[in-house]
Amino acid sequence: MRDTDPDILVGFEVQHASCGYLLERSAAIGFPLDRCLSRCPFHRSTLESRPDTYGQQQQSGIHVCGREILNVWRLCRQEIKLGLYNYTNVCAKVLNKRVPSFPPQLLHSWFQHLASPHSLKRQVLLYLLEKASNTLLILEAMELVGRTCELARVFGIDFFSVLSRGSQYRVESMLYRLARTQNFLLLSPSVQQRQSQPATECIPLVMEPQSAFYSSPVCVLDFRSLYPSVVIAYNMCYSTCLGKLVEPDSDGNVKLGVSSLRRAPGLLASVREEAIITPNGMAFLPPDKREGVLPRLLREILQARVAVKKLMKQVGGDVKLYRTLNSRQFGLKLIANVTYGYTSAGFSGRMPCADLADAIVQTGRETLERAIRTVEEGRQWGARVIYGDTDSLFVEIPGRSREEAFRIGREIAAAVTAENPAPMELELEKVYQPSMMVAKKRYVGYSYDSPSSKPVLDAKGIEMVRRDSCPLVMRVQEKALKVLFETKNISKLKSYMEGVFMDIIASNLNINEYVFAKEVRQGTYASSTLPPAATVNATKVLRDPRAGALHAERIPYVVVCGQPGARLVDLVLDPRELLASSGMLRINAQYYITKALIPCLERLLSLFGVDIRRWYLELPRYSRASSRDHASHEGSIRSHFQSMHCILCDQLSRTAVCAECTSLPQVALCTMQNRRGRVERDLARLCRICVSCVGSMRLVTGCDAVDCPVLYDRVKAQQLWEASSRIDWGVNFLEW
DNA sequence: TTCGACTCCTAT
DNA sequence: TCAGATAGGAGTCGAA
């Protein structure tokens with residue numbers, strides 16, 4: 001530290017590990033490490049002052065005077081969307097590199113190992129060295145320092161405030177500088193004033209979508225920066241607001257936001273003709289009388305962004321400059337978008353104004369409603385609005401080609417832009433074909449940027465893009481949609497889904513596919529039963545208090561078999577425990593199929609009138625994975641059976657041990673594989689066959705297999721299979 | 001069985 | 001001390 005005197009200290013996780021651990025450890029032995037790290041040794045250290053709860057939750061809560069401390073996993077959490085933010089997963093996703101992750105206990109035991117002290121000690125040190133260097137590589141790959149510097153420059157705030165402070169701080173930094181030049185001061189309402197402000201009354205328009213499958217092209221149009229445009233176009237600002245169109249009280253005041261406005265008598269009447277009146281009954285001065293601070297700020301931000309984007313096209317091969325400019329235009333976009341939030345920040349706002357926020361929202365809403373009317377009344381387009389949310393419009397163009405849809409979409413955009421004041425602009429963003437509207441904020445489609453471009457599967461709000469399902473569900477839903485959109489054939493989808501069900505029942509999948517991961521906020525839960533991820537974390541804490549989740553850390557868990565009727569929270573487990581149980585615990589196939597997979601696909605497929613639940617129930621080899629006996633026989637041979645029933649004849653099993661060699665039955669491939677047809681193969685994959693005497697089918701069915709009439713009646717087995725596939729959906733069911 | 005509270009996460 | 005907003009869907013669980 002003394003040699004290099006760094007400005008920034010970096011750790012992958014600096015609270016429980018890295019410098020947080022060192023600081024606590026040194027405090028425990030009475031060594032003043034914090035003063036050694038500090039550039040100002042007499043400055044009071046974090047550990048001596050009060051614990052910084054807010055800082056611990058948001059960043060690390062560790063402050064060293066004169067240096068910035070970066071908590072890399074938390075920065076990753078802000079920057080990129082991942083299912084898990086542990087060291088291994090971040091390396092895999094950011095660096096594209098597989099690295100091992102050893103728990104501290106293991107490293108400790110290696111380091112202390114007496115048998116081969118040098119080699120193992122060396123391994124531990126090399127591992128830690130690599131972890132440190134990977135942490136630096138992660139920061140570099142995300143370009144975090146460079147981008148943060150650029151944002152600091154754009155907003156005019158310091159480096160660490162970009163990472164640690166909220167958006168109000170950014171808005172105020174810019175707003176205050178501009179307000180000063182116009183001789184305005186910003187209002188600082190008290191907490192009481194803020195809390196007694198009436199709630200906002202206006203809400204954005206979210207249409208109820210016409211849930212269906214659309215084979216015709218659907219144009220997606222949206223207003224570019226709707227709220228900033230509204231503020232500029234209608235000159236909405238604290239400084240231009242004339243208040244509601246109501247008579248003032250006896251003192252000549254009208255209520256406005258957290259405070260009230262003294263309106264000079266006759267003022268409203270004098271500008272009545274020119275004043276801008278918003279749909280919620282607020283009056284604003286026109287820009288030629290006085291341009292508001294907010295509109296001017298936003299106008300300059302949007303203009304600057306256009307200029308930066310223009311510059312980006314001219315930089316040519318200079319990658320570094322291009323990235324810098326890209327960070328700058330992104331920062332400008334961010335600040336424009338959160339300025340509306342600043343006016344309506346009711347919970348923690350420093351200068352909220354509900355009336356101003358309402359005026360912006362309601363004007364935006366009426367703009368969208370007017371656009372919808374324009375589309376519906378434009379007979380020449382033959383278009384229909386099927387969905388809209390806040391600033392976007394989904395317009396179906398029935399029976400037209402994609403090329404025509406692009407043309408019509410651009411015409412609509414131009415027509416709507418023309419009927420609104422500058423700088424409001426409706427843009428054609430993309431065209432979907434085909435697409436499905438599922439619910440509000442939930443839809444999916446093949447998206448085209450231009451008539452000739454390659455389509456991209458674009459999903460919003462459904463499980464495929466949500467992190468509260470597991471990889472299995474995300475993968476299967478995406479694949480199912482692709483099969484549906486590409487082959488247009490329900491029968492193909494059915495056979496794909498049957499394969500998936502079989503794989504789950506036969507436990508052919510990697511455990512990673514079953515892992516849910518959710519954020520845990522210990523100490524915020526009101527209800528008596530903790531949510532699953534918090535339950536898993538709580539059991540970890542019992543074993544090692546330092547292993548507990550950091551605030552908002554994502555904790556992985558899997559669902560295993562248990563007693564019938566058990567609550568979900570009683571069936572969840574750390575994935576490592578499942579691996580360590582050496583087969584004593586099993587993935588709850590029933591749960592994953594009927595509670596996770598089927599409902600999410602049902603919501604999509606019910607739009608076709610397809611009953612996917614029946615596909616599962618009618619699987620001929622449907623294994624009645626009963627967990628009924630599992631608990632009572634835990635550790636006994638019975639826990640290795642998914643069902644105590646013969647999978648074919650449904651008889652209750654009478655023997656559980658291989659009749660020939662009396663060894664444990666295991667999952668194995670059947671020697672019947674070489675016989676013809678997939679029926680046998682699929683049956684065999686589900687069978688539990690004795691590995692000691694491979695080839696024996698005795699244990700296959702759980703009943704006395706040689707005597708099982710059904711298994712050896714291949715004709716009957718074939719019939720069972722065919723019965724389930726008899727429903728022919730036809731190739732032409734979906735036509736477009 | 002229904003419904004509401006709680007929790008999580010996404011769209012805008 | 002610090003903390004943009006609301007709308008909305010889905011899963012889970014316990015009380016009605």
Side-chain angles (χ1 to χ4, degrees), chain A residues 49-50 52-59 61 63 81 83 160-161 163-172 191 194 199-209 211 220 222-223 225-227 334-354 356-358 360-361 364-365 368 387-393 438-443 458-470 473 516-521 524-535 552 554-555 559 565-572 591 594-596 599-600 602-603:
Chain A
S49 54
R50 278 186 300 113
D52 175 11
T53 324
Y54 177 78
Q56 280 169 19
Q57 289 187 355
Q58 300 303 316
Q59 285 297 324
H63 308 284
K81 187 172 142 186
F160 197 63
S161 294
L163 300 173
S164 63
R165 307 283 303 258
S167 40
Q168 292 202 73
Y169 192 73
R170 302 173 176 190
V171 173
E172 252 170 37
V191 176
R194 187 212 299 154
T200 51
E201 292 165 358
C202 304
I203 52 172
L205 175 66
V206 185
M207 290 172 68
E208 190 61 54
S211 299
V220 181
D222 64 343
F223 283 98
S225 308
L226 178 67
Y227 288 170
L334 274 183
I335 200 77
N337 282 341
V338 296
T339 303
Y340 155 71
Y342 184 81
T343 65
S344 78
F347 170 65
S348 61
R350 290 170 46 83
M351 198 172 74
C353 180
L356 181 57
D358 270 349
I360 298 172
V361 171
R365 184 187 174 112
L368 186 65
Y387 180 57
D389 182 346
T390 313
D391 65 350
S392 61
L393 277 178
V438 186
K440 285 178 174 175
K441 300 181 190 288
R442 264 144 229 251
Y443 53 88
D458 185 26
K460 298 281 162 148
I462 60 174
E463 285 76 0
M464 214 181 100
V465 294
R466 292 180 66 90
R467 292 179 296 176
D468 48 3
S469 60
C470 58
V473 172
F516 290 93
K518 291 184 185 170
E519 282 191 353
V520 170
R521 291 179 189 82
T524 64
Y525 298 110
S527 54
S528 51
T529 49
L530 290 175
T535 310
R554 296 182 76 85
I555 298 294
V559 182
R567 299 175 310 172
L568 178 68
V569 284
D570 300 327
L571 302 177
V572 296
Y591 175 85
T594 61
K595 291 287 170 58
C600 90
E602 212 167 31
R603 280 190 285 276

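All chains are named by letter (A, B, ...) in the order of the sequence lines, taking the proteins before the strands, and each is independently numbered beginning at 1.
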* A:S344 side chain: which of C:dA3, B:dC9, C:dA5 is closest? -> C:dA5

* Asked: Between B:dA11 atom P and A:D222 atom CG, what is the distance in whole Å?
  -> 14 Å

* Asked: In terms of heavy-atom contacts, does CZ of A:R194 have more than 12 from other residues, nucleotides or ligands at under 6.0 Å?
  -> yes

* **For atom CD of A:Q57 and atom C1' of C:dT1, their distance in whole Å** => 15 Å

* To do: Tell me whether the OP1 or OP2 atom of C:dG8 has a side-chain N or O from A:K440 closer than 4.0 Å.
  => yes

* Structure fact -> Among the nucleotides B:dC8, B:dC9, B:dT12, whichever has the atom closest to the side chain of A:K441 is B:dT12

* To do: If a protein heavy atom is under 4.0 Å from the base, mark B; if only from the sugar-phosphate, S; if neither, -; do that for nucleotides 10-15 of chain C going 5' to 3'.
  => SSSSS-

* Side-chain donor or acceptor of A:Y525 paired with backbone N/O of A:R521 under 3.5 Å -> yes

* Asked: Which part of the nucleic acid, if any, lies within reach of A:R466 when heavy atoms closer than 4.0 Å are counted: base, sugar-phosphate only, or nothing?
  -> base

* Structure fact -> Terminal axes of the helix from B:dT1-C:dA16 to B:dT12-C:dA5 (5 end pairs apiece), angle rounded to 10 degrees, sit apart by 20°

* Is the distance from OP1 or OP2 of B:dT12 to the nearest side-chain N or O of A:Y443 less than 4.0 Å? -> yes

* To do: Could you tell me whether the side chain of A:Q168 and the main chain of A:R350 form a donor-acceptor pair under 3.5 Å?
  => yes

* To do: Nearest whole angstrom, please: distance from the P of B:dT12 to the CG of A:N337.
  => 13 Å

* Mind listing the closest non-hydrogen atom pair of A:G83 and A:A517 along with its distance? => O-CB, 3.5 Å

* Across the strands shown, which category fits A:F516 at heavy-atom distances under 4.0 angstrom: base, sugar-phosphate, nothing? -> nothing

* Nearest-angstrom distance from the residue atom OH of A:Y387 to P of C:dG8 -> 9 Å

* N/O donor-acceptor pair under 3.5 Å between A:Y387 side chain and A:A439 backbone -> no

* To do: Could you check whether A:R170 gets within reach of a base, just the sugar-phosphate, or nothing at all, counting any heavy atom under 4.0 Å?
  => nothing

* Structure fact -> Heavy-atom closest pair (A:K518 atom, A:A533 atom, distance to 0.1 Å) is O-CB, 3.8 Å

* Main-chain N/O of A:C202 paired with A:D358 side-chain donor or acceptor, under 3.5 Å -> yes

* To do: Find the distance A:M464:CE to B:dT10:P and express it as a whole number of Å.
  => 13 Å

* Please state how far atom OH in A:Y342 lies from atom P in C:dC2, giving the value in whole angstrom units. => 13 Å

* For the residue pair A:L356 and A:T343, what are the closest heavy atoms and their distance? -> CD2-CG2, 3.9 Å

* Main-chain N/O of A:I462 paired to A:R603 side chain as donor or acceptor, under 3.5 Å -> no

* For A:S392 and A:G388, indicate whether the former's side chain and the latter's backbone hold a donor-acceptor pair under 3.5 Å. => no

* Would you indicate, yes or no, if B:dC8 has its OP1 or OP2 atom less than 4.0 angstrom from a side-chain nitrogen or oxygen of A:Y525? => yes

* For A:R467 and B:dC8, what is the distance between atoms CZ and C1' respectively, to the nearest whole Å? -> 10 Å

* Gap between atoms CG and C1', on A:D389 and C:dG9 respectively (whole Å) -> 13 Å

